2 protein chains.
Amino acid sequence: MPVDQPWEIPLVAVAVDLAILTVRSGRLEILLVRRGIEPYLGSLALPGGFLASPEEDLDAAAARELTEETGLAAKGLHLEQLGAYGAPDRDPRGRVVTVCYLALMPDLPLPVAGGDARSAEWVPVQRVLRRRAGVAFDHAKIIKDAVERARSKLEYTTLATAFCSPEFSVSELRRVYEIVWGQPIDPRNFHRKVTSIEDFLVPTGKYTTRDGGRPAALYRRGSATLLHPAILRNGTGRRQLARLRQAR
Amino acid sequence: MPVDQPWEIPLVAVAVDLAILTVRSGRLEILLVRRGIEPYLGSLALPGGFLASPEEDLDAAAARELTEETGLAAKGLHLEQLGAYGAPDRDPRGRVVTVCYLALMPDLPLPVAGGDARSAEWVPVQRVLRRRAGVAFDHAKIIKDAVERARSKLEYTTLATAFCSPEFSVSELRRVYEIVWGQPIDPRNFHRKVTSIEDFLVPTGKYTTRDGGRPAALYRRGSATLLHPAILRNGTGRRQLARLRQAR
DNA sequence: CCAAAAGTGTTATTAATACACCCATGC
DNA sequence: GCATGGGTGTATTAATAACACTTTTGG
C-alpha cells in the first residue's frame, strides 16, 4: 500500500483475461481467440482486454469480457478470480499486469457474434498442456493454473454442476468428473455418493433416456456449495499412492 | 490481453501488499503498520508498497517488501499470492490495484529496524475480524481472505509447519492447528495421525521438555507438501453438522 | 430376445472419533 | 509422591471401494 512518495510511482497497464472452460465432445476445452494484431499475431490467446476505463472494477471487467466473448450474460455462470500475472517481460510492448479469471460453463451453442468476438474457438486443454498448441504470452501457464484450480475445486465444492446444463442426470455429472480429472469413476458408488449429499442435487421428477438404457432421473443444482465429505480424486489418496509404489 | 487500441489504455498504480501471519502468544496474529501519511493517517494497514520500478516482478516485490518489513530473508518463508484487489474506489488518491501476498512465519523476534520498518506491530486477527481494530482501505477484507486461505490450507497441505520453528514437537504443531482453526483437537488422535503421514514429520532424535511433562520428540518438516488423507477441521464434516443440527 | 445404462445391496477395508490407559519428566 | 503433558491401544462408527445383482428402457 501507498506509503510515501506520491511521485515516481510506476504506472502499468492492467488487463483482465478469461480462462473459460467447458466440457465438450468428451474433453475439457478452453475458449481461445486467434490474435489479429502484434505481438503474437495469429497465435491463440486467452480472451481479455485492458480495463475499459480508469473507473472499471476488475470483477466488472471480467464479467464484461465474458459477455463480449460468449454473448452470454455473466450472471448465472461461475466466475472467480484466478490470480494476477505480472512478470515484467510477459508482454513485449511493455509492462502489463493481467488479472485472470476462471469461468466454467456448460456446453452451450455460443452465439459467437458479439462485438469483440473475433475468431473464438474451443481448444482441448490437453493440446495446450502438452504444448501441441502454442499460445501467446504466458497464457500456457495461466491455462495450466486454471485447469488445476478447476480440478481441485471439483473435489470439495459443487462446482462440477457449473459444467452441466440446468437439468442433468447423475451420469452426466459423473462424466464431468471423469473428463476433468481424466480418470474413470465407479458409476455405482458415484451415484450413491452424490445422491446422498444433502442439497447437492434436487430431483426434478423428470427422466431422460438421452444416454440410452434405463431412464435416468434428472436433477437441478441444489443450494449446497461445499461438499462434505469431499469427492476425492483417485491417485491422490494414500491407498492409491501405496498401490502405485507397489506397482513400481 | 491487449487486443486493439494501443492508446487510451488506462494506466494504474500497482501495489503489492503483504498479509504476514504468525502464531504468537496463543493467537493468530498479523503484522500491520501504523500509517504515517494520508490517507488513513494513523490507521493500521498491511505492509506493502508500490512497485519499486516498472521492471520489478510482482513476486520479487513481495519478497522485497517481506524483507524490508521483517528483516528476514524471504527465502525459507512461505509466500504465496492471495489475489488482486482492484475496486476503483479502494484508494481515495486514485486507481490502485494491489496484488496481495500471504506469508506465514514462526514466532520470531523481528529485528524490526530495516529501512522501511516504521511502527510495525503484531495484531491479533480476531481484533481485525471482529472490527475491534479499524484498518485502512479494504484491508479488513484482505485480512479475512488471508486468514481463510491459511485455515483451509492447513487442512490439505503441510503448511502448518510454516508456523513452527525449525524443530518442533507434535503438540506444538497441534497448537498451531488449534489456534488457527480456533477449536480444540484431541491430542492423542492428532499425534497418531500426523506421525503416520509419510514424509510429513522427520524425527530429529532429540527431545524437549519445554512444554512440561514427559519429554516430547522433536521433528523437522518433511518433504511432503500435500496431506493425504487431509486433516479436517471439525465443524465442517457431516457428522459435526448433524450434531449441530440436533443441538439446535 | 439382447445391449446398455440406471440404480440397489453387500462386503471388506480404511479412516475418524472417543476415550481408557500407561510413560517419563519436573517439582 | 503428584501434576503435567507425551504417547499407545482399542472399540465404535463412518466413509471408500469393489463388485454382484436387479431394473427399465431402445432396438
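Within every chain, numbering begins at 1; the chains are lettered A, B, ... in the order of the sequence lines, protein sequences first and strands thereafter. Any value given below was found using the heavy atoms of this structure, including those in side chains, with hydrogens, waters and symmetry copies removed. In this text, all values refer to a predicted model and were calculated from it rather than measured experimentally.
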### Sidechain-backbone polar pair: Gln81(B) side chain, Ala84(A) backbone, donor-acceptor under 3.5 Å
yes

### Query
Does His139(B) use its side chain to pair, donor to acceptor, with the backbone of Ala45(B) at less than 3.5 Å?
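Not at all, since once roles are kept as given, no pair shorter than 3.5 Å links the two residues.
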
### Task
Could you check which residues of residues 171-178 of chain B get a heavy atom under 4.0 Å from DNA chain D? Sort them by number, please.
Ser171(B), Arg174(B)

Quickly work out the [X] [atom1] to [N] [atom2] distance and round it to whole Å.
| X | N | atom1 | atom2 | value |
| --- | --- | --- | --- | --- |
| Gln183(B) | dT17(C) | CD | P | 10 Å |
| Asn189(B) | dC19(C) | CG | C1' | 9 Å |
| Ile185(B) | dA16(C) | CD1 | P | 13 Å |
| Leu201(B) | dG6(D) | CG | C1' | 15 Å |
| His191(A) | dC19(D) | NE2 | C1' | 17 Å |
| Tyr207(B) | dC23(C) | OH | C1' | 12 Å |
| Phe190(A) | dG7(C) | CZ | P | 12 Å |
| Arg188(B) | dT4(D) | CZ | P | 16 Å |

### B/S/- contact track for nucleotides 22-27 of chain D, protein heavy atom under 4.0 Å
-BBB--

#### Entry: Under the side chain to side chain donor-acceptor pair (under 3.5 Å) test, residues paired with Lys141(A) that sit two or more places apart
Asp145(A)

### Task
Please list, chain by chain and in numerical order, all residues satisfying side chain to side chain donor-acceptor pair (under 3.5 Å) with Thr22(A), sequence neighbours excluded.
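Residues passing side chain to side chain donor-acceptor pair (under 3.5 Å) with Thr22(A): none at all.
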
### Task
Please check if atom CZ in Arg210(A) has more than 12 non-hydrogen atoms from other residues, nucleotides or ligands closer than 6.0 Å.
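Check passes, neighbour count above 12.
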
### Task
Please evaluate the base of dG9(C) for a donor-acceptor partner in the side chain of Arg192(A) within a cut-off of under 3.5 Å?
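Present.
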
### Message
For dA4(C), does the base pair up with any side-chain atom of Asp211(A) as donor and acceptor (N or O, under 3.5 Å, distance only)?
### Response
no

### Pair Lys144(A)-Glu148(A), salt bridge (Lys or Arg N to Asp or Glu O under 4.0 Å): steps then yes or no
CA-CA 6 Å; Lys144(A) 187 160 160 278; Glu148(A) 187 42 44; over 6 Å; no

Could you pull out all donor-acceptor pairs under 3.5 Å where a side-chain atom in residues 211-225 of chain A meets a protein atom, sequence neighbours excluded?
unit_1	atom_1	unit_2	atom_2	d
Arg221(A)	NH1	Thr161(A)	O	2.5

### Query
DNA chain C: Ala230(B) or Asp186(B), which has the more 5' nearest nucleotide?
Ala230(B)

### Query
Once you round to the nearest 0.5 Å, how far does CG of Leu201(B) lie from OG of Ser169(B)?
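Rounded to the nearest 0.5 Å, the CG-OG separation comes to 10.0 Å.
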
### Message
Run the ring-ring contact (aromatic ring centres under 6.0 Å, His included) test against Phe190(B) and tell me which residues pass, sequence neighbours left out.
### Response
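With sequence neighbours excluded, Phe190(B) shows a ring-ring contact (aromatic ring centres under 6.0 Å, His included) to Tyr177(B), given in chain and number order.
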
